[in-house]
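Here's the structure, in structure tokens; my notes come after.
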Protein chains: 2
Amino acid sequence: MARHTPQTHDEILAAAARRFAVTGYRGTSLQDIAREVGCSKATVLYHFAGKDALLAELLAQPLAVLRELDERLAPLGGAEARRVGAEGFVDLAVRFRREIALLRGEFPELLAQPTFAHVQAMSERLIAALTGHTGRLADRITALVLLAGISEACAEFADVAEDELRPALLAVARRALAPLDPVDND
Amino acid sequence: MARHTPQTHDEILAAAARRFAVTGYRGTSLQDIAREVGCSKATVLYHFAGKDALLAELLAQPLAVLRELDERLAPLGGAEARRVGAEGFVDLAVRFRREIALLRGEFPELLAQPTFAHVQAMSERLIAALTGHTGRLADRITALVLLAGISEACAEFADVAEDELRPALLAVARRALAPLDPVDND
DNA sequence: TCAGGGGCTGACCGATCGGTCAGGCATGCT
DNA sequence: AGCATGCCTGACCGATCGGTCAGCCCCTGA
């Protein structure tokens with residue numbers, strides 16, 4: 001039953017990603033992951049400090065990219081913040097749609113944990129950027145509809161090719177954000 | 001500790017709605033609900049057949065309205081289907097945003113249960129209606145962005161007044177759907 | 001040849017879950 | 001008074017969760 005190969009670490013990670021994407025983080029037990037890999041639950045916990053460590057490793061790369069977008073957005077304002085924010089987030093969501101899928105709906109609960117507190121702060125700044133920092137409620141509603149909608153669409157259409165998903169999402173974002181700042185062209 | 005009043009049923013229901021909205025359906029235990037009511041867990045299960053019965057009763061009304069929208073949508077096509085679908089769903093989401101909030105992200109898992117199989121079918125028909133039944137992938141992506149985004153926005157802005165939330169969401173929906181069928185006017 | 005260590009395991013732990021059950025305690029009808 | 005009924009409870013159940021631990025197997029290098 002045992003693989004006796006040092007790549008077990010990666011196999012566990014891949015299996016966890018698959019299971020999380022189907023049944024969610026909470027809905028997936030270490031037993032489930034172990035069964036999919038073909039090893040024991042203890043082996044999973046030998047390679048990873050805990051269930052949360054598994055999730056953290058799976059999310060490390062997309063979170064790093066999100067942080068980069070956050071920093072890129074910091075000095076921007078108005079129409080440019082909106083454009084860069086929208087394009088940056090669509091790109092992020094499309095690239096890491098499998099990782100987004102495995103968070104499916106557990107965003108609120110998981111982000112409430114102190115481990116991911118900075119993520120919540122970043123997403124709030126992203127929403128502010130998408131409004132062009134107007135602070136108007138209607139604009140914030142629009143921005144949230146886009147962020148949540150794009151995330152869910154990426155999770156749902158995980159099997160669709162990037163170059164088919166990305167332009168469609170960009171088009172929706174542009175349409176939804178279009179009238180926010182009429183000065184904007186391009 | 002006991003209330004000894006026949007309205008315990010309603011108190012449990014209200015407490016469950018409050019807890020579900022904060023920690024989600026899965027994240028809320030019968031103990032949590034009982035503690036909030038000030039009764040024992042056994043009392044909760046005396047008034048309700050099970051945890052799922054609690055959820056079913058909380059969702060009964062919004063699901064009935066969704067079914068009504070589904071029937072209203074059945075004979076429609078093209079631009080009219082899109083308009084009625086968008087307005088109907090925004091109205092539904094705004095009216096029952098507290099119920100939507102308590103599903104927060106658990107939609108996929110909960111709707112996967114056979115109990116809610118018809119809900120999934122209805123939401124697929126709703127997406128088809130929002131595309132004007134074109135069947136194009138880009139249109140289906142747009143529709144899903146809207147459905148998921150509006151749901152999440154309603155959950156997030158549960159405290160915003162209806163007459164502030166509804167027009168903002170309708171505006172986003174109209175903007176996002178606008179170019180789908182250029183023949184459409186109004 | 002044999003010691004050492006990395007990889008892996010079954011057995012086990014305490015906690016918590018949803019749910020069951022027999023019985024207590026008022027109240028109201030006969 | 002006696003009985004039935006509705007409401008509620010503590011104690012308990014089996015299942016499952018994430019996580020721990022002592023020890024086994026096998027490969028490697030001295």
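Proteins come first, then strands; the chains are lettered A, B, ... in the order of their sequence lines, and each starts at number 1.
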Between N or O atoms, less than 3.5 Å apart, protein on one side and nucleotides 11-17 of chain C on the other: list the pairs.
from, atom 1, to, atom 2, distance (Å)
dC17(C), OP1, Ser29(B), OG, 3.3

Answer yes or no: is there an ion pair linking Arg140(A) with Glu124(A), defined by an N-O contact shorter than 4.0 Å?
->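 A salt bridge is absent here (no side-chain N lies under 4.0 Å from a carboxylate O).
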
Do the side-chain N or O atoms of [X] get closer than 4.0 angstrom to the phosphate oxygens (OP1, OP2) of [N]?
X        : N      : answer
Tyr46(B) : dC7(D) : yes
Thr43(B) : dC7(D) : no
His47(B) : dC8(D) : yes
Thr8(B)  : dC7(D) : no

Test item: side-chain donor near acceptor, Asp32(A) and Ser29(A), under 3.5 Å |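 Checked: Asp32(A)/Ser29(A) side chains pair up, N/O donor to acceptor below 3.5 Å.
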
Under the side-chain hydrogen bond (donor to acceptor under 3.5 Å, both in side chains) test, which residues partner Ser151(B), sequence neighbours left out?
->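 None.
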
Helix axis bend for the helix from dT1(C)-dA30(D) to dT30(C)-dA1(D) - C1'-based end axes, five pairs, 10° rounding |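 Roughly 20° between the end axes, to the nearest 10°.
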
Distance-only donor-acceptor hits, side chain of residues 17-27 of chain B, under 3.5 Å, sequence neighbours excluded:
from, atom 1, to, atom 2, distance (Å)
Arg18(B), NH1, Glu36(B), OE2, 2.4
Thr23(B), OG1, Arg19(B), O, 3.0
Thr23(B), OG1, Thr28(B), OG1, 2.5
Tyr25(B), OH, Asp52(B), N, 3.3
Arg26(B), NH1, Glu109(B), OE1, 2.7

Which atom pairs, donor and acceptor, lie under 3.5 Å between side-chain atoms of residues 159-167 of chain A and protein residues at least two apart or in another chain?
from, atom 1, to, atom 2, distance (Å)
Glu162(A), OE1, Arg166(A), NH2, 2.5
Arg166(A), NH1, Asp91(A), OD1, 2.2

Kindly indicate whether the side chain of Leu144(A), heavy atoms from C-beta on, has any atom under 4.5 Å from the side chain of Phe157(B).
->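 Leu144(A) vs Phe157(B): side chains touch.
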
Point-to-point distance, once rounded to the nearest 0.5 Å, from NE2 of His47(A) to CD of Glu11(A) |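 One finds 9.0 Å between NE2 of His47(A) and CD of Glu11(A).
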
Would you kindly give the CZ-to-P distance between Phe48(B) and dC8(D), to the nearest whole Å?
->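 Result: 11 Å.
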
Return the set of residues passing salt bridge (Lys or Arg N to Asp or Glu O under 4.0 Å) with Glu99(A) (not counting sequence neighbours), or none when no residue passes.
->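 None.
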
